[in-house]
Amino acid sequence: MDRVEDISSKVASLGVDSVKNASKQVVDIPKHHHHSDEDANAERLPASSSSNGDAVPVEYNNGIANNEDPGKQMNYEEPLESDKLRSNDNYGAQMVHSPDPSATPSRIGSVDAIAPNSSATGQQHNTTSKPPISQNKTKEPTAMPPPTKPSRTPTSFMLGAPPHSKPQTSAAHSPIVTPASSASVSRANSSSNTPHKPTPTAAPNPNGATNNNGPVPAPTPISTTATPSKNPVSRLQRIFSQSSVNRQNNKNKPSANTNTEETNSTNGSETGASGVPNSSSSANQNAKLSRFTVYDDGSHTHQLRPAKRQEKLGKMLKDFLAGSSKKREEERAAKEAAADSQHQLSLVQSWINGYGQEKLADKNFGKVSASFVEKYGRCQEVIGRGAFGVVRISHKVDPQNSRSELLYAVKEFRRKPTESQKKYTKRLTSEFCISSSLRHPNVIHTLDLIQDNKGDYCEVMELCSGGDLYTLIMAAGRLEPMEADCFFKQLMRGVDYLHDMGVAHRDLKPENLLLTINGSIKITDFGNGECFRMAWEKEAHMTCGLCGSAPYIAPEEYTENEFDPRAVDVWACGVIYMAMRTGRHLWRVAKKSEDEFYAKYLMDRKDESGYEPIEMLERSRCRNTLYNILHPNPSYRLTAKQIMKSEWVRSIKLCEYGSAGL
Ligand SMILES: Nc1ncnc2c1ncn2[C@@H]1O[C@H](COP(=O)(O)OP(=O)(O)OP(=O)(O)O)[C@@H](O)[C@H]1O
């Protein structure tokens, strides 16, 4: 509550409106597109789902339970009895959950989410004992042979496969992600119950500002023998990818060596991705390269590369698009790919689109004062670029130990030529006031706001050396299910905390989720953040106006109605999860009239067969929760707290670093 007051008083001094409206990207909303149209579509229930449990819509608004339509659903996994959602779980008296076993569930839970005896138990549904919707549907395999075509590139999945066509197998489409074959995995020290985990070389600094936060993997060697892809995007991925998964399992192998870095990876796609044969001599190196390791006890660790990746990707793309004669063929392939309509959904495409608009400004980085240098050291290399300036690493000699350095991220807030001084001030005060008042392991810690000698402001933050989630997905093609789940749970913890504090982010997307090299997620970029409730207020303020990035924007933002900013955050989280799992955007824009993919989603989610990209997720718990996170009607959408309490998310094991935010 202290923190809420902090934020509230800071924001109050700015005026709620100023914060609410700061930095919004206002886009014309077509008049013909009304909320009611999609609501009607979304709320109609399929015939197959008319005989079981019910839930009332989530009341994001003023706590008035809407019981008018008993058919309307909010299907999430039934929480444990002790965890059942209560009205005070959700922003005061906002959410009422009153399952009625005799009423109607929506399609989403109808087949695979309702336990045979659910009416007897009075529970809405129970996902633990039910078969999936379709027995023969394509699953994400837990065991797959190594790919037979090692030359298969990320392109075949990211750019070629239509989102609605069933992938042959997720592994077959995943160029970099290791097929989770039992034959290809190894578990460390499986003979004992003690998992071997890489031990960080030094405990991370509480600010995350240290360069000693764990073993740094060696760069992935680039194969000169691997079949070269002609597509620049796939080359980018191959070059900057890390082998994805290392399952530490020595069960079937003599565990002569208990070295924590030993691995028996015989993973085909690792070989294909990096071009390095997985010989025993390179076992240690392969272990170091694994970005994700699963242990016998079900725990896992992430090990990400220090983030110069984005910078490197930028340079690579520039080279590819620059037009040297040697690369003409690649350029042509890139153009063809760009013309492909499927390509519009790839995350890479939006990056390519944005690349040309970036204003590189390395040389113009404002000089900081002596007091800045004294406090945070000297700004040096660029670690990222945003719409309003660059982000650099600042190095300071550790006062406790002159041999080590403290590292900070310093984000420059440059004023755009078209931006008024007032708007500029609003933007940065909005970001700084909000982010500096928040303390959570999965939210970026902002330390200071300082003016440089040119008058531009610089925000000093904890450094996240693992880059951002967007770059990771691009490099990987797609993430492993357990890996994505861990990131998702961390994200939801952060979002739940923000919402508890009266703050909505309003621009959640993989680019705004930073990573430490240990795989801890940090929500960043509060430039569009909104305080929807002051400390002294009980009820949330609704909001209006479009903001964020198109593929992550919730459908209600395209209406002229006011909406709850928390619900749009939740929607974005669902799109982010699917981006992690598929390497693609679900749609370009959540407008039925303008996006065929979204229109199909609206139709298919009501159908028993479901929407294919979601149906390919193997666990019904996960699919059900996803459908209810991506509920087109915000009144029925799950809240962050409900998501945290869903069976699926409760079953996700967080890694230790992610849990602690280190
Ligand atoms: N604390 C940090 N540690 C490490 N890298 C960071 C940090 N903050 C930002 N970056 C890097 O800089 C990039 C741009 O930062 P950020 O998104 O905050 O800028 P922005 O100007 O608000 O961008 P946009 O408005 O386009 O989202 C991030 O995607 C990330 O790669």
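Excluded from the calculations below are hydrogen atoms, water molecules and symmetry mates; all remaining heavy atoms, backbone and side chain alike, are included.
In this structure, CD in Glu537 is found 9.0 Å from CD in Glu539, a value given to the nearest 0.5 Å. Note that CE of Met482 is 10.0 Å distant from SG of Cys655, once rounded to the nearest 0.5 Å. To the nearest 0.5 Å, the span separating NE2 on His300 from CD on Glu480 amounts to 11.5 Å. Atom-to-atom distance recorded for Glu596:CD and Met603:CE is 11.5 Å, nearest 0.5 angstrom. To the nearest 0.5 Å, the span separating CG on Leu515 from NZ on Lys522 amounts to 10.5 Å. Ile521 contributes atom CD1, which lies 11.5 Å from atom CD1 of Ile444 (distance to the nearest 0.5 angstrom).
A perpendicular orientation is assigned to the rings of Trp648 and Tyr577, their planes being inclined by more than 60° (bins at 30° and 60°).
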**Study point:** side chain to side chain contact (heavy atoms under 4.5 Å, CB included) assessment of His505 paired with Asn528
**Key:** CA-CA 6 Å; His505 186 281; Asn528 287 322; over 6 Å; no
Practice item. Take Leu626 and Leu617, measure what side chain to side chain contact (heavy atoms under 4.5 Å, CB included) needs, and give me the verdict at the end. Key: CA-CA 10 Å; Leu626 251 295; Leu617 304 175; 4.2 Å; yes
Practice item. Show your reasoning for whether ring-ring contact (aromatic ring centres under 6.0 Å, His included) applies to His585 and Tyr552. Key: CA-CA 8 Å; His585 290 133; Tyr552 302 91; 5.3 Å; yes
Exercise for review: Dump the intermediate steps for side chain to side chain contact (heavy atoms under 4.5 Å, CB included) on Asn512 and Asp468, then the final yes or no.
Suggested key: CA-CA 7 Å; Asn512 287 336; Asp468 57 61; over 6 Å; no
**Study point:** Check against side chain to side chain contact (heavy atoms under 4.5 Å, CB included), Gln642 and Met644
**Key:** CA-CA 5 Å; Gln642 286 172 327; Met644 287 302 291; over 6 Å; no
Check your understanding: What do the steps show when you test Glu615 against Tyr627 for side chain to side chain donor-acceptor pair (under 3.5 Å), and what is the final call?
Key -> CA-CA 10 Å; Glu615 290 301 313; Tyr627 281 120; 2.5 Å; yes
**Study point:** His541/Phe532 under ring-ring contact (aromatic ring centres under 6.0 Å, His included): CA gap, chis, key distance, verdict
**Key:** CA-CA 5 Å; His541 296 275; Phe532 59 81; 8.6 Å; no
Practice item. Test salt bridge (charged side-chain N to carboxylate O under 4.0 Å, His left out) on Glu483 and Arg291 and set out the steps. Key: CA-CA 9 Å; Glu483 186 184 20; Arg291 66 161 201 270; 2.5 Å; yes
Point to revise | Worked check of ring-ring contact (aromatic ring centres under 6.0 Å, His included) between Tyr558 and Trp571 | key: CA-CA 14 Å; Tyr558 297 105; Trp571 175 275; 9.8 Å; no
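Scanning all heavy atoms of the two residues, the minimum distance from Pro551 to Val575 falls at O-CG1, 3.5 Å. Residues Arg493 and Gly658 approach most closely at NH2-O, 3.5 Å, considering heavy atoms. Closest approach of Leu654 to Cys486, counting heavy atoms only: CD2-O, 3.6 Å. Across Val503 and Cys531, no two heavy atoms sit closer than the pair CG2-SG, 4.2 Å. Minimum interatomic distance between Ala640 and Val495 (heavy atoms only, all atoms of both residues): CB-CG1, 4.1 Å. Scanning both residues, Leu546 and Arg506, for their nearest heavy atoms gives C-NH2, 4.3 Å.
Here Asp569 pairs with nothing under the salt bridge (Lys or Arg N to Asp or Glu O under 4.0 Å) rule; sequence neighbours left out. With sequence neighbours excluded, no residue forms a side chain to side chain donor-acceptor pair (under 3.5 Å) with Lys489. Looking at residues two or more places apart in sequence or on another chain, you find a side-chain contact (heavy atoms from CB on, under 4.5 Å) between Ile629 and Phe488, Val570, Thr625, Leu638, Ile643.
No option in Lys653, Gln490, Arg619 other than Arg619 meets the side chain to side chain donor-acceptor pair (under 3.5 Å) test with Asp485. The only option from Asn442, Asp496, Leu469, Ile523 that meets the side chain to side chain contact (heavy atoms under 4.5 Å, CB included) definition with Leu491 turns out to be Ile523.
Using a 4.5 Å cut-off on side-chain heavy atoms (C-beta onward), Phe526 and Asp507 make no contact. Met501 is not listed as a side-chain neighbour of His499, based on a closest heavy-atom distance of 4.5 Å or more. Side chains of Leu472 and Phe487 form a contact here, defined as non-hydrogen atoms less than 4.5 Å apart. Annotation: side chain of Pro634 is not in contact with side chain of Asp564 (no heavy-atom distance under 4.5 Å). The shortest distance between side-chain heavy atoms of Arg566 and Thr639 does not fall below 4.5 Å. The shortest side-chain heavy-atom distance between Glu556 and Val568 falls under the 4.5 Å cut-off. Between Glu431 and Asp525 the shortest side-chain heavy-atom distance falls below 4.5 Å. Side-chain contact between Pro613 and Met578 is present, with at least one heavy-atom pair separated by less than 4.5 Å.
A donor-acceptor pair under 3.5 Å is absent between the side-chain atoms of Arg605 and the main chain of Gly610, judged by distance alone. Put simply, the side chain of Arg650 gets close to the backbone of Lys645: a donor and an acceptor are under 3.5 Å apart. A distance-only check finds no donor-acceptor pair linking the side chain of Asp595 to the backbone of Ala590 [under 3.5 Å].
Under a 4.0 Å N-O distance rule, the pair Lys641/Asp500 qualifies as a salt bridge. Looking at Lys600 and Asp604, a side-chain N of the basic residue comes within less than 4.0 Å of a carboxylate O on the acidic one, giving a salt bridge. Of the charged side-chain nitrogens involved, none lies within less than 4.0 Å of a carboxylate oxygen, so that Glu557 and Lys591 do not count as a salt-bridged pair.
Judged by a 6.0 Å distance limit and a 45° cone about the ring axis, Arg588 is not positioned over the six-membered ring of Tyr598.
No side-chain donor-acceptor contact under 3.5 Å links Glu562 and Thr543.
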